[in-house]
Structures are given as C-alpha cells and as structure tokens.
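Working notes, structure below.
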Amino acid sequence: CAVGKKCANRRLAKRQFAKCKPMREKGRGWGLITCSKVTRGDLVTEYVGEVIDAKTKEKRLAEWAKEHPNDPNFYVMSLSQQWFIDAR
C-alpha cells in the first residue's frame, strides 16, 4: 500500500483480529464473543460477503425461510438503508 504504516487496512491484510469464539444466544441465533478485552478502535473481525440491495435482501430472506423453515439463522449486515452484506 502506498500509504505505508498509516494505512487503515494493514490490520486486515495481516489478519490482526481479536480472538473470538462462537456462541449461541437463546432466541437470537449464533454470534461471536471476544475472548479478551477490546477497546475503542480495536479491530474485532472482518465481515465478508456479497453487497446486495434491499430488494435482493428481501427476496433472499423469503427464499431462505421457504427452503429452511426450521432454521431462522441468516447472516445479513446493514451497510445503509438500501445496501447490505449477505454473508452466506
């Protein structure tokens, strides 16, 4: 990166994330908890997936519910009111 040590993506490139473990939260599904103290500005993890619009998100959620009626777990993160990350 041409920015050098000031590059905000260095920690991503070096995979310097907080240590986390999966945890099931009753009534909420799966999530992550950190295994050590995290302070403001620390990188916890990278959320990756396909960027989709609201219409596509609604279509995929409806398909998921139809195809997996006993599994309410899905992984979509809001980027804005109209854009989302589908992490399937």
Side-chain angles (χ1 to χ4, degrees):
C1 176
V3 177
K5 290 183 179 182
K6 293 183 179 182
C7 178
N9 290 323
R10 276 179 91 85
R11 293 183 292 171
L12 286 172
K14 291 183 176 187
R15 305 197 51 77
Q16 295 173 328
F17 307 123
K19 185 174 180 181
C20 299
K21 65 180 181 179
M23 180 178 157
R24 185 142 178 103
E25 181 70 28
K26 187 177 180 181
R28 304 290 293 175
W30 287 97
L32 289 177
I33 59 169
T34 58
C35 298
S36 58
K37 185 178 178 182
V38 177
T39 59
R40 184 183 295 253
D42 287 350
L43 178 64
V44 176
T45 192
E46 179 181 19
Y47 197 93
V48 296
E50 181 183 1
V51 177
I52 57 174
D53 62 17
K55 184 177 178 181
T56 303
K57 176 194 73 142
E58 292 304 322
K59 180 181 173 192
R60 289 186 183 178
L61 292 178
E63 288 172 357
W64 179 263
K66 184 177 180 182
E67 294 170 7
H68 304 88
N70 298 318
D71 184 1
N73 298 299
F74 52 87
Y75 303 93
V76 176
M77 183 177 86
S78 175
L79 293 173
S80 70
Q81 201 170 15
Q82 290 297 317
W83 296 100
F84 304 85
I85 296 179
D86 181 350
R88 282 193 278 173

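Everything quoted here is computed from the prediction, not taken from an experiment.
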Euclidean distance, Phe74 CZ relative to Lys57 NZ, rounded to 0.5 Å: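 Lys57 atom NZ to Phe74 atom CZ measures 8.0 Å (nearest 0.5 Å).
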Which side-chain N or O atoms in residues 13-35 pair as donor and acceptor under 3.5 Å with protein atoms at least two apart or in another chain?
residue, atom, partner, partner atom, Å
Thr34, OG1, Ser36, O, 3.2

Closest heavy-atom pair and its distance - Glu46, Leu12: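 The answer is CB-CD2, 3.9 Å.
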Cluster link Tyr75 to Leu61, ILVMFWY, side chain under 4.5 Å: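 Different hydrophobic clusters.
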Could you pull out all donor-acceptor pairs under 3.5 Å where a side-chain atom in residues 76-86 meets a protein atom, sequence neighbours excluded?
residue, atom, partner, partner atom, Å
Ser78, OG, Ser80, O, 3.0
Ser80, OG, Gln82, N, 3.3
Ser80, OG, Trp83, N, 3.3
Asp86, OD1, Arg88, N, 3.1
Asp86, OD1, Arg88, NE, 3.4
Asp86, OD2, Arg60, NH1, 2.9
Asp86, OD2, Arg88, NE, 3.2
Asp86, OD2, Arg88, NH2, 3.2

For Thr56, give me all partners under side chain to side chain donor-acceptor pair (under 3.5 Å), at least two apart in sequence or on another chain.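 Thr56 satisfies side chain to side chain donor-acceptor pair (under 3.5 Å) with Asp53 once adjacent residues are dropped.
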